[in-house]
Amino acid sequence: SFHDSNGTLVGFEKEIIDLVAKDLGVTAEFVETPWDSLIAGVDADRYDIVINNVSATDERKQKYDFSVPYLYSEPKIAVKKDSSLQNVSEISGHSSAQSETSNFRKMVEAKGASIVVVSGFESQAEAIEQVLSGRAEMTANDSVSFAEYLKEHPNANLRLLSGDLGTGSNSSILMAKGQDALRNAIDESLKKHLQNGDIKAIYEKYVGEDLSPKN
């Protein structure tokens, strides 16, 4: 998600939740929050759900409920075009700009990278800026986010490393446990729009490919 030239919040997850809200007969209120604080905001009752590329990990499932998946993506690493790095297997000992609580931080640390911590509302943009400015050598994120960024910035001095950082994963909508009626209504809406092609059309609009979840 990002702000367009008019300052309006746009993005594929924003459009997906607008579809869901319409089915639920409500108007979505968007609360923009730094990624590292997203889940904590549910604990603090700042909002009801989180839709921002959150994977339903076993650890998170112990405390939160999740909708059916709406998105599939794979982890990737971006570097400056003139970087000596070519493959994910080479990243040990190199620096990576990452938000503190993301899965991608754990992935690059497991491969021996050091971390330059970024935070704020635009953590991905900040991480990429760290790379472009030379303060970090790389940043890891999902393939979806990089595709969307490169579509918006086609002349960006970035390229993706070859090789596998980790297995791809589905993303789901996160909410507090015990919200069965809400979860069921969201699931019904997501399933409908996945089946009828509405969500596929949103993905193709923003990144040029279908990012529908895999079983």
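Only a predicted model underlies this, so the values are computations on that prediction, with no experimental measurement involved. Counting from 1, the numbers follow the sequence of the chain as shown.
Ile91 and Leu132 end up in different hydrophobic clusters when Ile, Leu, Val, Met, Phe, Trp and Tyr side chains are linked at under 4.5 Å. Val116 and Val131 fall into different hydrophobic clusters, where Ile, Leu, Val, Met, Phe, Trp and Tyr residues are linked whenever their side-chain heavy atoms come under 4.5 Å apart, directly or through other members. Both Ile115 and Met138 sit in one connected hydrophobic cluster of ILVMFWY residues. Membership requires side-chain heavy atoms under 4.5 Å apart, directly or through other members. Cluster membership check: Met175 shares its hydrophobic cluster with Leu19, using side-chain heavy-atom separations under 4.5 Å among Ile, Leu, Val, Met, Phe, Trp and Tyr. Under a hydrophobic-cluster definition in which Ile, Leu, Val, Met, Phe, Trp and Tyr are linked whenever side-chain heavy atoms come within less than 4.5 Å, directly or via other members, Val108 and Leu160 are assigned to different clusters.
Side-chain contact check for Glu59 and Thr57: no donor-acceptor pair (N or O, by modelled atom type) lies under 3.5 Å.
In this structure, CG on Leu182 lies 8.5 Å from CD1 on Ile173, to the nearest 0.5 angstrom. The structure places CG of Asn53 at 7.0 Å from OG of Ser169, a figure rounded to the nearest 0.5 Å. Rounding to the nearest 0.5 Å places CG of Leu165 at 11.0 Å from CG of Asn87. Expressed to the nearest 0.5 Å, how far OG of Ser83 lies from CG of Leu158 amounts to 10.5 Å. Separating the CD1 atom in Ile51 from the CG atom in Leu174 is a distance of 11.0 Å, to the nearest 0.5 Å. Taken to the nearest 0.5 Å, the CD atom of Glu109 stands 14.0 Å off from the CZ atom of Phe104.
Within 6.0 Å of atom NZ in Lys80, more than 12 heavy atoms from other residues, nucleotides or ligands are found, so the atom counts as buried in its surroundings. Within a 6.0 Å sphere centred on NZ of Lys177, other residues, nucleotides and ligands contribute more than 12 heavy atoms. For Lys151, the NZ atom is densely surrounded, since the number of other residues' heavy atoms within 6.0 Å is greater than 12. Counting heavy-atom neighbours within 6.0 Å of Glu188 CD, excluding the residue itself, gives a total of 12 or less.
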Between Tyr206 and Val10, is the side chain to side chain contact (heavy atoms under 4.5 Å, CB included) condition met? List the steps.
CA-CA 10 Å; Tyr206 282 96; Val10 296; 3.9 Å; yes

Give the intermediate values and the outcome of side chain to side chain contact (heavy atoms under 4.5 Å, CB included) for residues Phe12 and Lys205.
CA-CA 8 Å; Phe12 58 79; Lys205 170 184 174 181; over 6 Å; no

Run Asn52 and Glu13 through side chain to side chain contact (heavy atoms under 4.5 Å, CB included) and show every step you take.
CA-CA 7 Å; Asn52 197 318; Glu13 285 169 317; 4.2 Å; yes

Go through the steps for Tyr72 and Asn170 under the test side chain to side chain contact (heavy atoms under 4.5 Å, CB included), then give the verdict.
CA-CA 4 Å; Tyr72 175 81; Asn170 289 322; 3.4 Å; yes

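With hydrogens and angles ignored, the 3.5 Å screen pairs a side-chain donor or acceptor of Ser143 with a backbone N or O of Glu74. In this structure, the side chain of Ser172 engages the main chain of Ser67 through a donor-acceptor pair within 3.5 Å. Thr8 contributes no side-chain N or O that, together with a main-chain N or O of Asp4, makes up a donor-acceptor pair within less than 3.5 Å. Using a distance-only test at 3.5 Å, with no hydrogens or angles considered, no donor-acceptor pair links the side chain of Tyr47 to the main chain of Glu32. Side chain of Ser37 to backbone of Ala40: no donor-acceptor contact under 3.5 angstrom is found. Side-chain atoms of Glu204 never come within 3.5 Å of backbone atoms of Asp210 as a donor-acceptor pair (strictly under, hydrogens ignored). Of the possible polar contacts, one joining the Ser162 side chain to the Gln86 backbone as a donor-acceptor pair under 3.5 Å is found.
Across all their heavy atoms, Val68 and Lys191 have their closest contact at CG1-CE, 3.7 Å. Between Pro75 and Thr167 the shortest heavy-atom distance is CD-O, 3.5 Å. When all heavy atoms of Leu150 and Ala156 are compared, the closest pair comes out as CD2-CB, 4.2 Å. Closest heavy-atom contact between Phe146 and Asn141: CE1-N, 3.5 Å.
With contacts defined as side-chain heavy-atom distances shorter than 4.5 Å, the pair Ile199/Leu190 qualifies. Taking 4.5 Å as the limit, every side-chain heavy atom of Val144 sits out of range of all side-chain heavy atoms of Tyr203. Put simply, the side chain of His193 reaches to within 4.5 Å of the side chain of Asp23, judged on heavy atoms. Contact of the Ile49 side chain with the Gln179 side chain is not registered, since no non-hydrogen atoms from C-beta on lie closer than 4.5 Å. Put simply, the side chain of Ile77 does not reach to within 4.5 Å of the side chain of Ser96, judged on heavy atoms. Side chains of Ser55 and Arg60 form a contact here, defined as non-hydrogen atoms less than 4.5 Å apart. Thr139 has its side chain within reach of Gln98: a pair of non-hydrogen atoms, C-beta onward, lies under 4.5 Å apart. The side-chain heavy atoms of Val79 and Arg159, taken from C-beta on, include a pair separated by under 4.5 Å.
Residues passing the salt bridge (charged side-chain N to carboxylate O under 4.0 Å, His left out) test with Asp198: none are found, sequence neighbours excluded.
A salt bridge links Asp18 to Lys14: one of the charged nitrogens lies within less than 4.0 Å of a carboxylate oxygen.
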